[in-house]
Protein chains: 2
Amino acid sequence: MTDTPPARAWRVVLDKIEGDLLEGRLGPGERLPPERELASTLGVGRSSVREALRVLEVMGLIRTGTGSGPTAGAIVTATPHGGLSQLLRLQVAAHGFPIPDVYETRLLLEEWAVAHLAERPDADLADARSTLDAMAADALSIDDFLALDAQFHVRLAEASGNVVVSATMAGLRETIESYIRGGAARIADWDATAARLRHEHAEVLAAIDAGDAEAARRAVRAHITGYYSDAGLPTPA
Amino acid sequence: MTDTPPARAWRVVLDKIEGDLLEGRLGPGERLPPERELASTLGVGRSSVREALRVLEVMGLIRTGTGSGPTAGAIVTATPHGGLSQLLRLQVAAHGFPIPDVYETRLLLEEWAVAHLAERPDADLADARSTLDAMAADALSIDDFLALDAQFHVRLAEASGNVVVSATMAGLRETIESYIRGGAARIADWDATAARLRHEHAEVLAAIDAGDAEAARRAVRAHITGYYSDAGLPTPA
DNA sequence: GCGTTAACGTGGTCTGACCAACCGGAAGGC
DNA sequence: GCCTTCCGGTTGGTCAGACCACGTTAACGC
């Protein structure tokens, strides 16, 4: 037994790099060996090395650059945002993740984030506040407003200090981005809606400032479900 | 402006497939065109096609098989579990995700899941119950017990009906798997701990059955934080 | 000393080749 | 006629080699 299915070449490369990362032989900011060197070291073809590196790149672990010098080569970046977003988007496209589940998960993560913030008076909400100020500007197009809206929510999640939560939240938000934009077209009085959304944002911040976790939960839930309802977007039963 | 960075060949392939999925030209269970055909159709080399397919495979969207017949070729599967787990593991390895954040996220997802279950009397907990029964068996090794423990939690998340939550939960759990196993070694009286864990599982189920969401939250939080504390595992400040 | 140019190292891509696994039908034996 | 065997075709898995684009660096000419 313990019969090993003949390890696929690219998996060997992936495991090698994951091992180097775990053992600390490789860390953020550092460079991987050149592709040709990795190939000969591991006894695989360069194309197999490239398949593994491509996976790492899409998952947001490395960034590749041509030429020479400090910016060239494959460099460990460990930026979770892009990869998570890509994965979620593809899974939704392939019907692995139903939209209502994405929506519901986003909701629960945001509720947690604001409740968490309300319980930590030392949290830094400056970024969220400045985004809210920017949303008060006149002459914002719908797209610009929605971009700031998204930024506000992401900033809140980031303020929670939990990288996994904020990255997941951002990925989920991005995944349903097109649906949110499409829903805006179904809203009759956009100016009134925008004003209400701004007001609701302020309410969320106020609840956090007051240290009232439950109020913050309710406010953020009402804010999100309200928009979904107005825009006629699919929600879980 | 709008100057397009010369689209990388593999990205063309990835976008093409994502588009086909979104437009419904491709769905779960269906087969992608052969690599050589995709290459000539899109005007790229086969190696570029393979890089894109590798990404899709690792992300859990497709399964590839050699030979001919119905099982051969690249088939859309859309099984989110593996890909999510892989991504989280790599991000943790690369220090993109701190372990305490993973732990905290797992906790909040599980709390949501049990609270959600408590509010839905029609939820099907049979799978979770049978796992709990299996944990009562004598002569379970620590590893076997922990595997069943993990299964119990995953089953609970699955019962919530939210695929995103359960897949993320499973991925997070798997990511910290090695830490959990390592922690078990630091526990003095394992039999007593195992008995307590079983009892706590039963309490969680009881709270769900009673429809008491808050009690379920408290029970699952106490269960998880208790183990982490006993095992001396890192938790958020 | 300074500007120009050539060499080199890197990822990005393509092509062609071969292998392994698998299925399906044709050929053969009974 | 039916079963077994074998062969060819299809498909992914992998490798080797080649070429390009890009950016640094060092050598060169003045």
Side-chain angles (χ1 to χ4, degrees), chain A residues 3-17 20 26 29-77 79 82-83 86, chain B residues 3-17 20 26 29-77 79 82-83 86:
Chain A
D3 87 282
T4 317
R8 300 206 263 171
W10 58 269
R11 179 56 77 180
V12 172
V13 182
L14 208 51
D15 289 346
K16 198 277 191 193
I17 296 174
D20 283 353
L26 207 56
E30 291 181 58
R31 273 182 44 178
L32 270 68
E35 295 178 355
R36 292 164 177 85
E37 186 184 323
L38 265 177
S40 72
T41 302
L42 298 175
V44 301
R46 193 184 156 206
S47 50
S48 298
V49 171
R50 285 182 60 64
E51 288 179 23
L53 293 186
R54 194 64 53 230
V55 170
L56 293 174
E57 180 179 346
V58 174
M59 286 195 167
L61 264 97
I62 63 173
R63 176 186 65 69
T64 59
T66 62
S68 62
T71 75
I75 295 166
V76 179
T77 57
T79 53
Q86 175 89 62
Chain B
D3 86 285
T4 318
R8 300 204 264 172
W10 59 269
R11 179 57 76 179
V12 172
V13 182
L14 207 51
D15 288 345
K16 199 271 193 197
I17 296 174
D20 283 353
L26 208 54
E30 291 181 58
R31 273 183 42 180
L32 270 68
E35 295 178 356
R36 294 164 176 84
E37 187 184 322
L38 265 177
S40 71
T41 301
L42 298 176
V44 301
R46 194 182 157 209
S47 49
S48 298
V49 171
R50 286 182 60 68
E51 289 180 23
L53 293 186
R54 192 66 53 231
V55 170
L56 292 173
E57 180 180 347
V58 174
M59 286 198 167
L61 263 95
I62 63 173
R63 178 186 64 69
T64 58
T66 63
S68 61
T71 75
I75 295 167
V76 179
T77 56
T79 53
Q86 175 87 61

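Chain letters run A, B, ... following the sequence lines, proteins first, then strands; residues in each count from 1.
Across all strands, B:R54 comes closer than 4.0 Å only to sugar-phosphate atoms, never to a base (heavy-atom distances).
Between the CZ atom of B:R11 and the CD atom of B:E51 there is a distance of 11.5 Å, given to the nearest 0.5 Å. Atom-to-atom distance recorded for A:E37:CD and A:L32:CG is 10.0 Å, nearest 0.5 angstrom. Distance CD/A:E35 to OG/A:S48: 11.5 Å, rounded to 0.5 Å. Interatomic distance, OG1 of A:T79 versus CE of A:M59, reported as 13.0 Å (0.5 Å rounding). Note: A:L26 CG to A:I17 CD1 = 7.5 Å, rounded to the nearest 0.5 Å.
Nearest to the side chain of B:T64, among D:dT14, D:dG12, D:dC22, sits D:dG12. Closest to the side chain of B:P34, out of D:dT11, D:dG9, D:dG13, is D:dT11.
Listed here is the closest heavy atom pair of A:A74 and A:T64: CB-CG2, 4.1 Å. Of all the heavy atoms in A:A7 and A:V12, the pair that sits closest is CB-CG2, 4.1 Å. Of all heavy-atom pairs spanning B:R31 and B:P70, the tightest one is CD-O, 4.3 Å. Nearest heavy-atom pair across A:L53 and A:I62 is O-CD1, 3.5 Å.
Two end axes, each from the C1' atoms of five base pairs, can be drawn for the helix from C:dG1-D:dC30 to C:dC30-D:dG1; they diverge by 40°, to 10 degrees.
A:K16 has its side chain out of reach of A:V44: every pair of non-hydrogen atoms, C-beta onward, lies at least 4.5 Å apart.
Here D:dT14 presents its C1' atom at 14 Å from CG of A:L42, a figure rounded to the nearest Å. The separation between B:R31 atom CZ and D:dT11 atom P is 6 Å, rounded to whole Å. The separation between B:R63 atom CZ and D:dG12 atom C1' is 12 Å, rounded to whole Å. In this structure, B:L32 atom CG and D:dG12 atom C1' are separated by 13 Å, rounded to whole Å. The separation between A:W10 atom CH2 and D:dG12 atom P is 15 Å, rounded to whole Å. Atoms CG (B:L56) and P (D:dG12) sit 13 Å apart, rounded to a whole Å. Counting to the nearest Å, the C1' atom of D:dG13 and the CD1 atom of B:I62 are 13 Å from each other.
For the pair A:R54 and A:E57, the salt-bridge criterion is met [side-chain N within less than 4.0 Å of a carboxylate O].
Between A:G69 and B:A72, it is B:A72 whose nearest contact on DNA chain D lies nearer the 5' terminus.
Note that the first and last nucleotides of DNA chain C, 5' to 3', having any atom under 4.0 angstrom from a heavy atom of chain A are C:dG9 to C:dT13.
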Please produce a list of atom pairs where a protein N or O lies less than 3.5 Å from an N or O of nucleotides 15-18 of chain D.
{"from": "D:dC15", "atom 1": "OP1", "to": "A:G45", "atom 2": "N", "distance (Å)": "3.4"}
{"from": "D:dC15", "atom 1": "OP2", "to": "A:G45", "atom 2": "N", "distance (Å)": "2.7"}
{"from": "D:dC15", "atom 1": "OP2", "to": "A:S48", "atom 2": "OG", "distance (Å)": "2.6"}
{"from": "D:dC15", "atom 1": "O5'", "to": "A:G45", "atom 2": "N", "distance (Å)": "3.2"}
{"from": "D:dA18", "atom 1": "N6", "to": "A:R46", "atom 2": "NH1", "distance (Å)": "3.3"}

